[in-house]
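Single-structure report; data block below.
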Amino acid sequence: MAYWLMKTEPDECSIDDFANAPNKALRWDGVRNYQARNFMRAMATGDQVFLYHSSCAEIGIVGIVEVVKATYPDPAQYDPESAYFDPKSSPEKPRWDAVDVRFVSKFNRVLGLAELRTISALAEQPLLRKGNRLSVIPFSTTEWRAVVATLSSSDSDNGRK
DNA sequence: GCCAACGTTGGC
DNA sequence: GCCAACGTTGGC
């Protein structure tokens, strides 16, 4: 099993959208960056994913989702009505992939950027590098556990609810 | 709203 | 293949 982080703007898709549909698989589509796409292609069913809220009031990691369906061509790329339409893509030659994910847990607080920067295990994390724009990022087991441990140590209920 | 950083495009 | 211009991301 592998670990990941995915960014989302909560106005478009937030941890609450997952929490409100706890057993529903939601499509993670619209990734239009080759590096991020390639990471998505490496995802397998059961992989765990931190959800990160960006460009919003409370920036940071807000919960966990998991992969329930590995990559398949993102249907939005063929749809001229979609904001994710790519005229250079076709069903014969798809460019972009999606995965399906579902809710695992919502943290009882946002693990904010400033706090993430204090976690020494994350010193090399691309997420925290200046100018980083990657929306799908791999986490090592060490990095993952360090984040979870930070939550646990600050809460009485293991950082989840 | 500002601006730094980055990825992509397109002319050459 | 180079690189300037442009559009987008994302924190502040």
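Heavy-atom basis, side chains included; hydrogens, waters and symmetry copies ignored. Keep in mind that what you see is a predicted model, and the values were worked out from it rather than measured. In the text below, chain A, chain B and the rest are named by the order of the sequence lines, each starting its count at 1.
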Please list, one pair per line, the donor and acceptor atoms closer than 3.5 Å that link side chains of residues 18-25 of chain A to other protein atoms, with sequence neighbours excluded.
residue	atom	partner	partner atom	Å
N20(A)	ND2	D16(A)	O	3.0

Would you say the side-chain atoms of N132(A) pair up with the backbone N or O of L128(A), donor to acceptor, closer than 3.5 Å?
->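 Here the side-chain-to-backbone pair does not exist.
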For W96(A), the option from Y34(A), Y78(A), Y72(A), F85(A) that meets ring pair (Phe, Tyr, Trp, His ring centres under 6.0 Å) |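 Among Y34(A), Y78(A), Y72(A), F85(A), the one that satisfies the ring pair (Phe, Tyr, Trp, His ring centres under 6.0 Å) with W96(A) is Y34(A).
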N/O to N/O distances under 3.5 Å, protein versus nucleotides 3-5 of chain C:
none

V68(A), V104(A): one ILVMFWY side-chain cluster at the under-4.5 Å cut-off?
->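 V68(A) does not cluster with V104(A).
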Going by atom type alone, with no hydrogens or angles, which donor-acceptor pairs under 3.5 Å involve a side-chain atom of residues 49-58 of chain A and a protein atom two or more places apart or on another chain?
residue	atom	partner	partner atom	Å
H53(A)	NE2	I15(A)	N	3.2

Would you mind reporting whether F39(A) and I137(A) have side-chain heavy atoms less than 4.5 Å apart?
->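 SC-SC contact between I137(A) and F39(A) ruled out.
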Does the side chain of V31(A) reach to within under 4.5 Å of the side chain of M40(A), using non-hydrogen atoms?
->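 Touching, per the 4.5 Å side-chain cut-off.
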For A2(A), side chain to side chain contact (heavy atoms under 4.5 Å, CB included) partners two or more places apart =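 A2(A) satisfies side chain to side chain contact (heavy atoms under 4.5 Å, CB included) with W4(A), D47(A) only.
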Determine the minimum heavy-atom distance between D17(A) and C13(A), stating which atoms define it.
->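 Distance-wise, the nearest heavy atoms are OD2-CA, 3.2 Å.
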Here DNA chain B, pairs taken as Watson-Crick or G-U under 3.5 Å and shown with ( ), [ ] when crossing and | when to another strand, reads ||||||||||||
D74(A): which of R27(A), R37(A), R32(A) passes side chain to side chain donor-acceptor pair (under 3.5 Å) |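 Running side chain to side chain donor-acceptor pair (under 3.5 Å) over R27(A), R37(A), R32(A) with D74(A) returns exactly one hit, R32(A).
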Treat primed atoms plus P, OP1 and OP2 as sugar-phosphate and everything else as base, then score nucleotides 6-12 of chain C 5' to 3': B for base contact with protein heavy atoms under 4.0 Å, S for sugar-phosphate contact only, - for none.
-> -BBSBSS
